[in-house]
Amino acid sequence: MIQLRDICKSWDGGKTFAVKNVSLEVGEGKVLALLGGSGSGKSTTVKMINRLIEPTSGSILIGGEDITHQDPVLLRRRIGYVFQSIGLLPHMTVADNVTLLLKLEGVPAEQRKERATELLNMVDLPAETFAQRLPSELSGGQRQRVGFARALAAEPKVMLLDEPFGALDPVTRDTLQIEFQRIQKSLGLTAVIVTHDMAEALLLADMIAVMHLGKVLRIGTPRELLQDPGDDYVAKLLETPRRHGELVQELSS
Amino acid sequence: MFDADFWSRLPYQLSLLPDRLGGHVFLAFTALLAGVLVSIPLGIFCSRRPQFERVAVTVANIIQTIPGMALLAIMVFALHRTGIMPAWIALVLYSILPILRNTIAGMKSVDAGCLEAADGIGLNAWQRLRIVELPLAAPTILAGVRTASAWVVGAATLAYPVGATSLGDYIFAGLQTSNPVALMVGCVFSAALALILDMLLGGLEKASQKRSKAWAFGSIGGLLLVAISPMLLKVIDQEQEFAPTGEPIASNQFVQEKPYVIGGKPFTEQYILIDHLENVLHDENRTTETKPGLGSNVVLESLKQGDIDCYVDYSGTLWANEMKRSGNVPPAEMMIDIATHLKESGVVTLGPLGFRNDYVFAMRKEQADELDIESIEDLVSHAKDLTAACEIEFWSRPEWKNVQSKYGLQFDETKSMDAALMYGALSRGDADVIVAYRTDGRLDSGEFVELEDPRFALPPYDAVLLISERLAKDRVASEKLRKMINTISTRQMRKANGMVDLHEKPIKEAAATLNPPAP
Ligand SMILES: Nc1ncnc2c1ncn2[C@@H]1O[C@H](COP(=O)(O)OP(=O)(O)OP(=O)(O)O)[C@@H](O)[C@H]1O
Ligand SMILES: [Mg+2]
């Protein structure tokens, strides 16, 4: 469904690369996790998928079509995007934020309202309480859910999620991760999810790509990675969830 | 300052308000609107292209540092014309900087996350601007509009000298004619307008901050109300007149194509004045022709048509005949109104020559001293024993009715006689009071005294120098003519008239006795 072929991105005319020779493939209905430390090029990589950033070289295909030949606006409308910075529009209500794209597409108000209710309920924000609030009247976690609901509004087949659960406490994060999984499965979404949390990647992803300094170090299923990290850095990343798991098991036995 | 006199003159000044406020509001609102329409797109453009930002802001900054008056003058020269257009353009230029600066700042202040989200959702450039950037930048932009409005409303008062109507008419004309009432009205209303506009735009700013429709509708409603307030005032105050006034600033490069035609009415004084005007224009090496003896109504019409370029009329005549006005107003106010009115038909009022040729009550000095009479007021108690004489038409003129009603004056007997005979009759005692023309040479014998008119029952007939637009554009010549303002006293004019009427001296000789204007 999504193919990245030898993608490079340089901000300084080729002296340094934020993303270097990245090739990835995400099958239809599958979830790919991009894992890596801060500045490793995860956001840059996903933004190239909906042309918020143009690659320096390489090509990207969605459903077999090269996206560089597509109108970026139409492309983005087909792809749900959850932003690292959330980016709710502060002057619009939650409901208006969620259904903004539908409004632009000319969906009548009545239908939009229904859809907003449906979406807000889906992310566990009762519409009657939250629909008419402004983003400034929400907690950080609630905002992230609104951002998530907004990405789903136009029923995209492809979702890009840039650290969607960053600002959440562990319990909410867990709830939302499960919610995401449920929604993703039921809608058959193809998704790229950016995270720096190995546990999250292991839980949600069909495939994990570990990035470091702009390069993909290792790519594989969660099971493959656990069995054979194949790289010191990857092994180190796996260390934490493994140790936590062992600790929990030890204490409970 | 705020004495009874002030309050009694106030209603008259206020009656001029609808037009002046209207002109002011029209100028300021449309200029502000144009400023908004220019500056906001320019600001948006500049916020995206920093290399243009510096240029645009620098240019706007430079414009802003030009003093208002100078900017207006530059516009007049640039456009080669006076009137509303140069004033308007100057105001538009003035409004640009604050709006431009704030638009740029507002656009830049929009959160990058919001912009990225707008792009990422799939908004196109126009949608992003309309739905995200402008609403978020609106409070800052509106703050700029508010600043601009304060500047524009203030600067619009400066439009007077280039001939656009505004509240500045009160201020400038008030200063020129030392009229504290006009000055006060002008200052109070321009300050009030600025304050109200500021409040309303503040409301709009608040609306954009709070995203409140109620505030927005309230403020916009208020702005509309201010915009139509002059019309409302006009409805309330039905007795309205035209306001535009002012003296054009004329171009330097003037070439006289054909001689200036000097007109005049058919009596001695006017012939002398024609000669005097010719002398003045000849001093500036202008060629002239004369059209003396034109009828009182014809002469102004000729000036309007451009058939003549210059003549002297009398304020009271213009007031009653041309402007069809009856009420009695003090001379200074009358002069402003005349200038304002005539401007409409392209006639430029240079100002009063200094002398006055109104009706005056005169008595034998001897008798006046004996009865202790100095004014018409003093005359009232003795009038029943006195005989008055005048040309027949005076007794049926509104002036006489006005005198009767204002003073309650009732003579024992009123006689009608030819002006030429009046003086002899008074001298001999066949009449005790005559109603004469003030500049008549025969009043000068020393035998007679003129009575004061403390209640302004007799309208002023100040000699007013009027010129055509063509002559006004000749800066050198019209400035020279302007220097004639207030150079001829009633005494001098009377003496010159006397030379011709009594001593049969030629017109030229009489004209030569009048002061030439300062070089
Ligand atoms: N617009 C830009 N101009 C120049 N450099 C950029 C730009 N955007 C990102 N970079 C650089 O590219 C590199 C990769 O950034 P990216 O945002 O992809 O990191 P990330 O993996 O998403 O990190 P984080 O986990 O902190 O979000 C960083 O070194 C960053 O400084
Ligand atoms: Mg990132």
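Labels below follow one simple rule: chain letters A, B, ... track the order of the sequence lines, proteins then strands, and each chain is numbered from 1.
Contacts between E116(B) and chain A at a heavy-atom distance below 4.5 Å involve backbone atoms as well as side-chain atoms. Contact annotation for I121(B): both backbone and side-chain heavy atoms come within less than 4.5 Å of a heavy atom of chain A. Both the backbone and the side chain of N124(B) come within less than 4.5 Å of a heavy atom in chain A. When heavy atoms are compared at a cutoff of 4.5 Å, R150(A) approaches chain B solely by way of its side chain, counted from C-beta outward. Residue L75(A) does not touch chain B at all, counting heavy-atom pairs closer than 4.5 Å.
Scanning all heavy atoms of the two residues, the minimum distance from L101(A) to G122(B) falls at CD1-O, 4.5 Å. Nearest heavy atom pair, residue R76(A) against residue D119(B), reads CD-O, 2.9 Å. For the residue pair P90(A) and C114(B), the shortest heavy atom distance occurs at CD-SG, 3.5 Å.
For H91(A) (side chain) and I131(B) (main-chain N/O), a donor-acceptor pair under 3.5 Å exists by modelled atom type.
Annotation: E28(A), atom CD; neighbour count of heavy atoms from other residues, nucleotides and ligands within 6.0 Å does not exceed 12. More than 12 heavy atoms of other residues, nucleotides or ligands lie within 6.0 Å of CD in E54(A), so this atom counts as buried by the packing criterion. No more than 12 heavy atoms of other residues, nucleotides or ligands lie within 6.0 Å of CZ in F26(B), so this atom counts as exposed by the packing criterion.
Looking only at heavy-atom pairs under 4.5 Å with chain A, the residue among P135(B), A112(B), A125(B), G120(B) that has the most is G120(B).
By the 4.5 Å heavy-atom criterion applied to side chains, L123(B) and L100(A) are counted as neighbours.
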